[in-house]
There are 6 protein chains.
Amino acid sequence: MTSRDTEKIDKSRSVALVPVGAFEQHGPAMPMATDQIRAVALCDSVAKRMEGTAFVGPELPVGISIHHTTFPGTMSLAPETFIQVITEYATELHRNGWQRVLVVTGHGGNNSALGVVAQRLLQEAPSLEFAWTPITGLAADRIRAFGTAEVTGHCGEAETAQMLHVAPHLVRDELLQPGTTGLDEMDSLPRLSRRARPSLSVTWDRLSANGVLGDPTRSTKELGADIIETATETICDYVRTWIGIDRGING
Amino acid sequence: MTSRDTEKIDKSRSVALVPVGAFEQHGPAMPMATDQIRAVALCDSVAKRMEGTAFVGPELPVGISIHHTTFPGTMSLAPETFIQVITEYATELHRNGWQRVLVVTGHGGNNSALGVVAQRLLQEAPSLEFAWTPITGLAADRIRAFGTAEVTGHCGEAETAQMLHVAPHLVRDELLQPGTTGLDEMDSLPRLSRRARPSLSVTWDRLSANGVLGDPTRSTKELGADIIETATETICDYVRTWIGIDRGING
Amino acid sequence: MTSRDTEKIDKSRSVALVPVGAFEQHGPAMPMATDQIRAVALCDSVAKRMEGTAFVGPELPVGISIHHTTFPGTMSLAPETFIQVITEYATELHRNGWQRVLVVTGHGGNNSALGVVAQRLLQEAPSLEFAWTPITGLAADRIRAFGTAEVTGHCGEAETAQMLHVAPHLVRDELLQPGTTGLDEMDSLPRLSRRARPSLSVTWDRLSANGVLGDPTRSTKELGADIIETATETICDYVRTWIGIDRGING
Amino acid sequence: MTSRDTEKIDKSRSVALVPVGAFEQHGPAMPMATDQIRAVALCDSVAKRMEGTAFVGPELPVGISIHHTTFPGTMSLAPETFIQVITEYATELHRNGWQRVLVVTGHGGNNSALGVVAQRLLQEAPSLEFAWTPITGLAADRIRAFGTAEVTGHCGEAETAQMLHVAPHLVRDELLQPGTTGLDEMDSLPRLSRRARPSLSVTWDRLSANGVLGDPTRSTKELGADIIETATETICDYVRTWIGIDRGING
Amino acid sequence: MTSRDTEKIDKSRSVALVPVGAFEQHGPAMPMATDQIRAVALCDSVAKRMEGTAFVGPELPVGISIHHTTFPGTMSLAPETFIQVITEYATELHRNGWQRVLVVTGHGGNNSALGVVAQRLLQEAPSLEFAWTPITGLAADRIRAFGTAEVTGHCGEAETAQMLHVAPHLVRDELLQPGTTGLDEMDSLPRLSRRARPSLSVTWDRLSANGVLGDPTRSTKELGADIIETATETICDYVRTWIGIDRGING
Amino acid sequence: MTSRDTEKIDKSRSVALVPVGAFEQHGPAMPMATDQIRAVALCDSVAKRMEGTAFVGPELPVGISIHHTTFPGTMSLAPETFIQVITEYATELHRNGWQRVLVVTGHGGNNSALGVVAQRLLQEAPSLEFAWTPITGLAADRIRAFGTAEVTGHCGEAETAQMLHVAPHLVRDELLQPGTTGLDEMDSLPRLSRRARPSLSVTWDRLSANGVLGDPTRSTKELGADIIETATETICDYVRTWIGIDRGING
């Protein structure tokens, strides 16, 4: 897209999508860029379906992965740096006329920081509407229906399924192996950290020896297709409502 | 508590509690310090029940309330400032020998920032175990059983109930009035912002004219007592497990 | 005080008081919150006497206590963090219409930082009038008349007296004991640091083994009452003049 | 590449490449990601030729483009943010065992910031060897031989040639048009800014109405292939020498 | 002084002097660098008298002058920038082996910031002994004996006297004129700001129309010589004691 | 210069010069302030020739010398601190009405940071015209004609020549000695770092044992005079053009 192309977009009726992920261990079988690959795939899927009203902006391929840094290859930004970069992405898009920015994060470790970005922008760019969303959570019902191990998540059934659908050539099927699948496989402290509240953080090596939560060997391409479709439709429905709104004092 | 008193505490078998809240509008009937008052009350309740193993540290009476600043009297810290202060509270407690810090926040606007603090501390103080929790969420089932308006939350049934229990003299019963109680009372954008995902932030005046979500007039002292009791017992059970754990490489 | 209450205050004829202290060792007999307790007590005393024209805002219970961190229990904010928090307190009060903010600090370690805050605010909030004051210094003549040891100050005659007056239940009379009372009890470097100019900083353990300067056993409730009364009247007289002034270009 | 793959690399004999670019106007015919696309293409070319000794790490798709922000679509990071992100990329790679990091920037606006990163890393990571390079400058002789307009550079003969070689489908040949090609087409101030020394910065709209310096219509696919080949071979020769060096106290 | 010269200094028996001032209005007759000129002159005087044990390090010619920025020519650093620069000066001197650093400030506006620097260094460089001093305050008795106007200070009797002694060629005698000399010449707010406590900051134009406090026309070269001599001897006596001390755990 | 003097300057027809240098090792024979001394001398020379249109502002005597910190006496500012100070110098001069600021740096280690300052100012002070220049580079032809060693630069023929011209009394002729004069005298890594591109940073001790690059013993007072004259005339010609320009939207 050229400079002049961006000028032609009716920004009062469209949304800018920003895919963010992580550069961190994803178990024995999946690439470190897994979260970024899924985020980009979902944004492309939304942009394709909402052609002319949803556009994909620049990526940020490294996220907040401090809890994974005990595994080789993992890179993390400091949380304050991540917050600053996304805030600048959003304010620069707004300076260019965008009134709605939606960040899609393939990595849960970015959620808190994105919540902070949203608070900063309410103050620093009150006329910008900033939203963000994780991916897998958008298809929670579908995943529940599929059935997963007692413990699942990072590199688990759902995440692997998405990769089998959007980038099968990057998944080493022969290396897929179960990680931690039950609470009783964990020491007391990591097990405590799985309670919903209070929220306690531990490094990932205490949750899983191979970095995996759940059983990716049960994962299927079909589940991945369903998750991406559900996530795509959820976001598209959201965007349709969003851009249909007569914009009030905050919009 | 004197300097020497703190020296006598067996910090390998205890937890430091930090109550944080907000200094923001709480509708026509409740004080701006409502969230702080509830957080302190809950911490005191836990410390009393866990005498000798749970201690209350310094408070932070102003939180992140950017979304409430359109209402008179509201004060907010910048998110990065709040993150820095809580990080320093935690590292200072750790320097003094505390191995476990639990922040209790009476204000949901602090949640994202506390998540970021937890990430920073994993890196800056790896031998510290840092946890945080909201209050009302600890008693979700009890509140559901009580029954609330379709839309509820800030200054609503549950929050008012807690104040009627812990600080009845600070609630002006005659000024209690319903706020926004249904989605159809909202404009499109604030209504969109009530969807779970994607997450969109709007300023509070767009959610409610009087700053209230839900119907505090239905609230009861008994509900408040139940919520505080449930929250207290949930935290105490958590702390009992926590301090019973043989501390591993991260603890 | 509710959001609407704050709206009714005639801020062109009133002042907001902010009590700040420290969370640090106060010798064998007094609580770590001593400076905060005295600051709050003085602000309450002023607010009561100036009812309708002086109001107490949020506290900051942790100050700059780097020089006391060799004693157990002491917590300190980084000076830049303390400066940022107080600056935000002041600008948030100003955003809410307050034209005059007075910070009362029970802890001398905050003085330099408050001086820096005042400089920042001259630039960042030129229409705000920001003032700050220590406590004990307001009653210097009275204390001189009482007579103190050659070396006195932290936890000494005057500070203990104030606690005996405002929070006698928090002073362990049986543990009151003299600290360093004469220059010849000090090593050369700490003694040098007691010269007025040049100003040299040393950690507190070099000034006193038990953390006390002066002889708190000589202290009396009556002296405390006189100090608080003198400080209260000095501030009230100041505030009366202040709010009586027709506000010029800087006000 | 998976976490375990990165573990197998002999980092004492290899280099990590980081491609950075810009998200800014590139005239009527080329995409805003032009600099990033060229940087990635060059890094891939080097990594392919140095298989097993050069690896491509994460990208940063937005650079420092403040001087281009008067053109639509341009996004810029604050220089201090760009410096922080690249410093964290480098230190994270170093924490993972990399001893040599080479940043390839397709955008000249990043050069000064990369010079500052190099200075910071000398202090913050003394055992890391950090290098950076622009692209076009590596083939200066070849470009001189080709012959360009008196004024050339951004979107000019050389830059367009590279795009015609690495991403021809993203160049809209029909929209290629000359920009500013001679000093006498400029006003006095931008003309002054073209002197080598002193160095004066002006916004890009003062240098060129269509954002182009030089005549891209004269550009050829062959020139692009030559530039990429020359740049690739220059870097490969550099890397061969680099990894052959017995590492001294700084390496 | 060359690199090797500094190596030969016995830093365990010497002190590094850092002269700091301001770049601000000094009334109709004196240069903006007045505070810096006096600080350098005093440091040179001390270094000469303490040859071999006191050395003058780098200057910082711009200080914190926010309160003077309404007068032409005045430049100010942000307080946090000034604090950072002096902290780096001190830590760099310490890295070079200096154990004692004394900052001499010709400008009172730097005092609070220097107090904060001292606190930071207690934590960041505990083995460094950091001291700072104003100039005029070192000769308070001598100035009192001379007799000044009721209101005096900036550009007044004492400051002008020092310039007449150290840099007479830079004082335009014919332009010397009295500034504000009595409290009754001031409006209420600036008059209030002259009270010792509470401390209130106002911009300088509210204190004096010509920027002067006191009557420089009464000033004499002899007074200046006495002030510099008194200040020199006070500092030299201080330094003699300082470097004579057997260094304890903090030194 | 007094406050009122600065008021009389026609700033629409003049430029403010800021001389910056370094406080770092300059070999066995030259003072650590060498770069600052040369920068001030050049600025004075320009100001004298352009009397009434060029004025010298405040200096910054410490620069970015991280690469020299292995040599005794060297002091360095953190790059971000240097950037902040120069940015504030420039914005403060601009606030005082200056429309053109030219920083003259005697130290190459400041170049990247000055490039970053220029980018920041394009955004933070768009109506300010900010330029910067090194010294020696302005007389490259003259130096080439003189002839230098294969390797030259820091403390070499040209730098020493300037000192022999502007401050001969500060050069210890008897201590002048050649440093590294040829690439074959270097280890592989420092030799690699001498290639123009990619750019690799190493600490100075790896480039030269005595801190010198080139042969200062061949240096002459005449060469120094020529360099300063050439640099002066180049800058004066630049400034004449600059202030003659009718100021456009950026000026």
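So that the names make sense, note that chain A is the first sequence line, chain B the second, and so on, each numbered from 1.
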Among the listed options Ile9(E), Val62(E), Thr2(E), the residue most often paired with chain F at heavy-atom distances under 4.5 Å: Thr2(E)
Residue, of Pro72(E), Ser76(E), Gly73(E), that accumulates the most heavy atom pairs under 4.5 Å with chain F: Pro72(E)
Proximal to chain E - members of residues 17-32 of chain F, heavy-atom separation under 4.5 Å: Phe23(F), Gln25(F), Gly27(F), Pro28(F), Ala29(F), Met30(F), Pro31(F), Met32(F)
Contact leader toward chain E among Leu170(F), Val85(F), Thr81(F), Leu175(F), where contacts are heavy-atom pairs under 4.5 Å: Thr81(F)
Residues in residues 156-166 of chain F that sit under 4.5 Å from chain E, counting heavy atoms only: none
Considering all heavy atoms, the nearest Met75(F)-Pro58(E) contact: CE-CG, 3.5 Å
Contact check, side chains of Glu92(E) and Thr69(F), non-hydrogen atoms, under 4.5 Å: yes
Atom pair CG (Asp5(E)) and CZ (Arg172(F)), whose distance is rounded to the nearest 0.5 Å: 4.0 Å
Under 3.5 Å: donor-acceptor pair, side chain of Arg95(F), backbone of Thr74(E): yes
For chain F, the option from Gly57(E), Gly211(E), Pro61(E) that forms the most heavy-atom pairs under 4.5 Å: Pro61(E)
Contacting region of Tyr89(E) [heavy-atom separation from chain F under 4.5 Å]: both
Proximal component of Thr34(F), with respect to chain E [non-hydrogen, under 4.5 Å]: neither
Nearest-0.5 Å distance that lies between atom CZ in Phe71(E) and atom CZ in Arg4(F): 9.0 Å
CD (Gln123(F)) with more than 12 external heavy atoms under 6.0 Å: no
Residue Ser3(F) versus chain E: region with a heavy atom under 4.5 Å: both
Residues, nucleotides or ligands: over 12 heavy atoms within 6.0 Å of Glu174(E) CD: yes
